[in-house]
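Taking it in order: structure first as structure tokens, then the write-up.
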Amino acid sequence: MRFPARPATTPPKLPEWDPAWSRIVEAETSDGTHAFHVLDTLPALAAAGVEPAGTIVALHGNPTWSYLWRRLARATIDAAQSGGRAWRLIAPDQLEMGFSERLAHKTMPAPKSDEVRRIADRINDFDAVVSNLFAEVAATGSATHPIVTIGHDWGGVLSLGWAARNTELVSAAISLNTAVHQPEDAPVPAPLRATLAGPMLPAATVLTDWFLRVTLGLGDLDAETKDAFHAPYRRAEDRWAIGNFVADIPVDDTHASDPELQRIGQDIAAFDKPALLVWGPKDPVFLERYLRDLRQRLPQADVHRFETASHLVSEDHEVPGLVLDWLSAQFDAPTTANTPTEAAPAKGSSERKGAAASATGAASARSGTPSSASGSTSDIADDSATGNGSAEVRAVTAILDARRDDEAIASVDFAQNPAQQITWRHLWHVTTSIANGLLDLGVKPGDRVSMLVPPGNNLTAALYACLKIGAVAVVADAGLGPKGMTRAITSADPQWIIGELPGLALARAFGWPGRRISVRPLGPVRSRVFKAETSLTELSRTPHRAELPTPSPDADAAILFTSGSTGPAKGVRYTHADISALAAVLTRTFNVTEGTGLVAGFPPFALLGPAIGATSVTPDMSVTKPKTLTATAIADAIIAGRATMVFASPAAYTNVAATAGELDGQQREACAGVELVLSAGAPVPLELMDAIAEVFPNASIHSPYGMTEGLLLTDIDRDGVAAADATGGLGVCVGQPIDGVELALAPIDESGRSADELRQGATAQGRLGEFVVSAAHIKSGYDNLWHTTADSARDDLHGLTWHRTNDIGHIDENGRVWLEGRLQHVVTTPRGPVGPGGLEALIDADDQVSRSSVVGIGPVGTQALVAVLDAEGTSLSPGLAPLDLTARLREKVAEAVGHDLSAVLVAPEFPTDIRHNSKIDRSRLAAWADSVLAGGPVRGSV
């Protein structure tokens, strides 16, 4: 089959494409002068009267073309016209691709064909086009400005290679899903193996459009967009280069292009300018191992993963906004932002994150499963949060080290049968031995260690051993389920795994990364099956060194994943200073002293004991099922630890109160000795507090508010809840900020967005807004989510570091915080935005309602309010609510806020997170309600 030569041309009319962007550029390449179609926004900028202040040079991969960059082009022009930095975008179609020139060919593409255009040729082509256009700029005498590369697929590695060889020109580099190195011990990804298989290559890539169609299926593209990507590849002669590109993929060291790819890899590893890696983890071709390789070559690179994206990540997500925000962070001077109408002065106790004030605690933690005092013990998993970088930060392990000879009980684990007690001396000895054993095994400071161990002594031992040597604990809640845990652990990319058998089995089944360490010895056969190199038991026998590495306060200590109740679970980064600050806050706020007995039925706090010197007790319960905590289990834990403090979730306390009748005399006496009851994870209604008071009659009952990113932010006690309830305020009152926490509000507009301007004091009161907090103990950032981190910490009021909580509500005239839901669940009615939580609290007060969810149905700005009630535990049947109940609830809502409920439905079940069993997925309920109101099945999946 012959393929005739054809000149370069410009695209026809296409969606989202401006014909003014197209130009034909002739460039002198290694095999003569060729014509390239180039997307160039310079004419559009000139028409707007804007002079470029930066240039982005973009390169597509195979089988796309410069249409891939259309949204980035539009975003750069819009930003320039809005007064932002004017970035010129140059995106050539590679030779014989898109609408660039086609050469004449006599043969089909094949790996050994003399006509194959090699990787080296393509970099030279790119250089020729870009140099040609840069020469135009130089001829005008324009001042130099930043030049940034961006590439995708094979355009990613080619553009990175060009950037690395032109560091005198390039200021930064960005890459979307790409690969530099194919490991010798790993197979080529299955889609490529199929395409490269002999006669399949021309059949799949040239004679048919199969390869093109499969690629376009790796993104959420509508029919028009797919057709636009097809535009330059309608006929077989248009697609010769698609097959050529596939034929030139070096799958091993015998391939003709392998030496050049190796050189490119070495060049990239020497590139020391700013870099950004954008990744779609669902890509079946560019797998996690390729991202891992890139991060090793570019250790300075920022990373942002779009967890639900596949290969065509820029088609699935708002990549242009991410790119422009990242470029602004690199090249634009920071400006003073967020001056409130009435800015309250910063409190002395809430200094900027990084300043020293309240950092005197030590570790953070979560209770674990025990092990016997004679074998491998303890592991500590951490779910705390927050930090600072203070010069006075006390090491997380300081108290544990100071009590190395103390024979008092440090931890009791009721997950063991019988319950296991360990002393401070034993805990120090075991953690120190394991720390030394991990070093001998090759664990380095900064290495990530995935903790697949239930809360208890084994988890405590493993965690504190890692903290001692500066290894980073990765903690993903088992409540995420296998798929959620796979996504979380893969994104954290740990080098090591410490796991009980069920965890190791999941790691094997789902291919989680990391060398394996079991908790207990498995024996030779199971060790081979699960690839366990050693066990905590064996490591606990390692002799002690004179000194262990000393982690920096600013070094990461833990990656703790959120519950995933409002989207893919995010990894929250905590430094040693963050955890130390959290321990200090807990100690200071609730007067926790060394020797206090702490029963921790709430995982995020179960590991804090060794950090604050408290005796930690893990009660007999399933950590993923809070309702399994019984009154007798918590009483036995109180007795064992002589505890005066109890921490659990509302779901756990609900069952404790329900089973209180099973307590015997000794257990009731032990509960009467408790002085402080804390409940976190969700607001606690007054009725539940009253029920808790029946079990713990002499305790002060508190419900602190926080999140994985900042576990202690506000606090309210039982009397405070009663006083707040008496006011009839909308939402759930969670009290006032604790000492050391600064609070501001970002008002919400008609579209449901929170403002960039923060308000404090009187101007913040009574308005619906997003809560924004600053404290020494808030998170240091999100892991591999550069844009999410930057967005959540974008405020600079009073020079503090702030965190946007995504929680919404209002602040009353007494400075009390009232929660009304999540930002993404705001209902945008014609009369303005409504926080669903406020109405839910009102509806839940009805005797016929167990719990409710208020959702919005319809377009933004005109949404109708719909109440969805939970059928579980009530006499209500799924479907439309009874007329009398509907009328009563509509009257309540109208009287309270002047809004009308359009409908009241009863759902067969409520989707909630597993960790707290209380966070309602309002998005799923909204979709269900929309379907039901449109005539869909009532008992369909919620």
Side-chain angles (χ1 to χ4, degrees), residues 10-25 36-60 64-93 98-99 126 129-130 132-134 136-137 140 142-152 155 159 170-176 221-222 224-225 228-229 231 276 278 304 312-333 335 753 756 787 790-791:
T10 57
K13 183 178 181 181
L14 297 172
E16 300 182 279
W17 183 269
D18 187 341
W21 297 340
S22 289
R23 61 183 297 186
I24 304 300
V25 175
F36 296 80
H37 167 251
V38 180
L39 185 169
D40 187 356
T41 59
L42 183 61
L45 292 174
V50 177
E51 182 75 20
T55 297
I56 303 171
V57 288
L59 191 60
H60 67 87
T64 56
W65 57 287
S66 56
Y67 187 73
L68 183 74
W69 307 112
R70 69 200 182 281
R71 291 172 183 166
L72 180 58
R74 175 56 58 199
T76 57
I77 294 168
D78 290 347
Q81 291 177 332
S82 300
R85 180 185 285 266
W87 289 96
R88 176 191 183 186
L89 178 65
I90 297 171
D93 287 350
F99 289 90
F126 186 60
V129 175
V130 172
N132 183 309
L133 294 173
F134 285 172
E136 288 181 4
V137 175
T140 67
S142 299
T144 58
H145 57 224
I147 295 173
V148 178
T149 64
I150 185 171
H152 171 254
S159 63
V170 176
S171 304
I174 304 170
S175 184
L176 285 58
L221 281 64
D222 59 31
E224 275 195 331
T225 301
F229 274 111
L276 172 66
V278 182
H304 188 90
L312 295 174
V313 58
S314 59
E315 297 296 316
D316 291 347
H317 290 276
E318 179 52 22
V319 171
L322 160 63
V323 167
L324 291 182
D325 285 348
W326 186 80
L327 292 175
S328 178
Q330 306 307 312
F331 300 108
D332 296 339
T335 57
R753 298 175 182 272
D756 287 332
H787 203 222
D791 187 59

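Just so we're clear, the structure is a prediction, and the values are computed from it rather than from any experiment.
Annotation for I77 and A44: closest pair CD1-CB, 3.7 Å, computed over non-hydrogen atoms. The nearest pair of heavy atoms linking P11 to S22 is CD-OG, 3.2 Å. Residue F99 comes nearest to P12 through the heavy atom pair CZ-CD, 3.6 Å, listed as atom of the first residue, atom of the second, then distance. Of all the heavy atoms in P15 and Y67, the pair that sits closest is O-OH, 2.7 Å. Across all their heavy atoms, A58 and F126 have their closest contact at O-CE1, 4.0 Å. The two residues A172 and V170 have their closest heavy-atom pair at O-CG1, 3.2 Å.
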- request: Before giving the answer on side chain to side chain contact (heavy atoms under 4.5 Å, CB included), spell out for I90 and T55 the whole-Å C-alpha distance, their side-chain angles and the decisive distance to 0.1 Å.
  value: CA-CA 7 Å; I90 297 171; T55 297; 3.9 Å; yes
query: Between R74 and D18, does a side chain to side chain contact (heavy atoms under 4.5 Å, CB included) hold up when you go through it step by step?
result: CA-CA 9 Å; R74 175 56 58 199; D18 187 341; 3.9 Å; yes
- prompt: Going through the distances and angles, do I174 and I56 end up as a side chain to side chain contact (heavy atoms under 4.5 Å, CB included)?
  reply: CA-CA 10 Å; I174 304 170; I56 303 171; over 6 Å; no
query: Given the rule in the side chain to side chain contact (heavy atoms under 4.5 Å, CB included) test, do L327 and V148 qualify, once you have shown the distances and angles that lead to the verdict?
result: CA-CA 9 Å; L327 292 175; V148 178; 3.8 Å; yes
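The backbone N or O of H60 lies less than 3.5 Å from no partner atom in the side chain of T64, so there is not a single donor-acceptor pair. In terms of modelled atom types and a separation under 3.5 Å, the side chain of D93 and the main chain of S66 share a donor-acceptor contact.
Inter-residue side-chain proximity for L89 and D40 is flagged as unmet; no heavy-atom pair is nearer than 4.5 Å. Counting only heavy atoms from C-beta outward, the side chains of L324 and T76 approach each other to under 4.5 Å. V25 has its side chain within reach of L133: a pair of non-hydrogen atoms, C-beta onward, lies under 4.5 Å apart. A heavy-atom distance below 4.5 Å is not found between the side chains of V319 and W69. Side-chain contact check for L176 versus I150: some heavy-atom pair is nearer than 4.5 Å. Taking the side chain as every heavy atom from C-beta outward, L59 and H152 never approach each other to under 4.5 Å. The shortest side-chain heavy-atom distance between S159 and S175 does not fall under the 4.5 Å cut-off. Looking only at side-chain heavy atoms (C-beta outward), F36 and N132 stay at 4.5 Å or farther from each other.
For CZ of R753, the number of neighbouring non-hydrogen atoms (other residues, nucleotides, ligands) closer than 6.0 Å is 12 at most.
In this structure, W21 and W17 have perpendicular ring planes: the angle between them is above 60°, well past the 30° mark.
Remark: R85 is positioned above the aromatic ring of W87, its terminal NZ or CZ atom under 6.0 angstrom from the ring centre and at most 45 degrees off the axis.
A distance of 8.5 Å separates CG of L39 from CH2 of W65, quoted to the nearest 0.5 Å. If you take NE2 on H304 and NE2 on H787, they are separated by 7.5 Å, rounding to the nearest 0.5 Å.
Side chains of T10 and H37: a donor-acceptor N/O pair is absent below 3.5 angstrom, by distance only. A donor and an acceptor atom, one from each side chain of D325 and S328, are nowhere located under 3.5 Å apart.
Salt bridge annotation for E315-R71: present, with a cationic side-chain nitrogen under 4.0 angstrom from a carboxylate oxygen.
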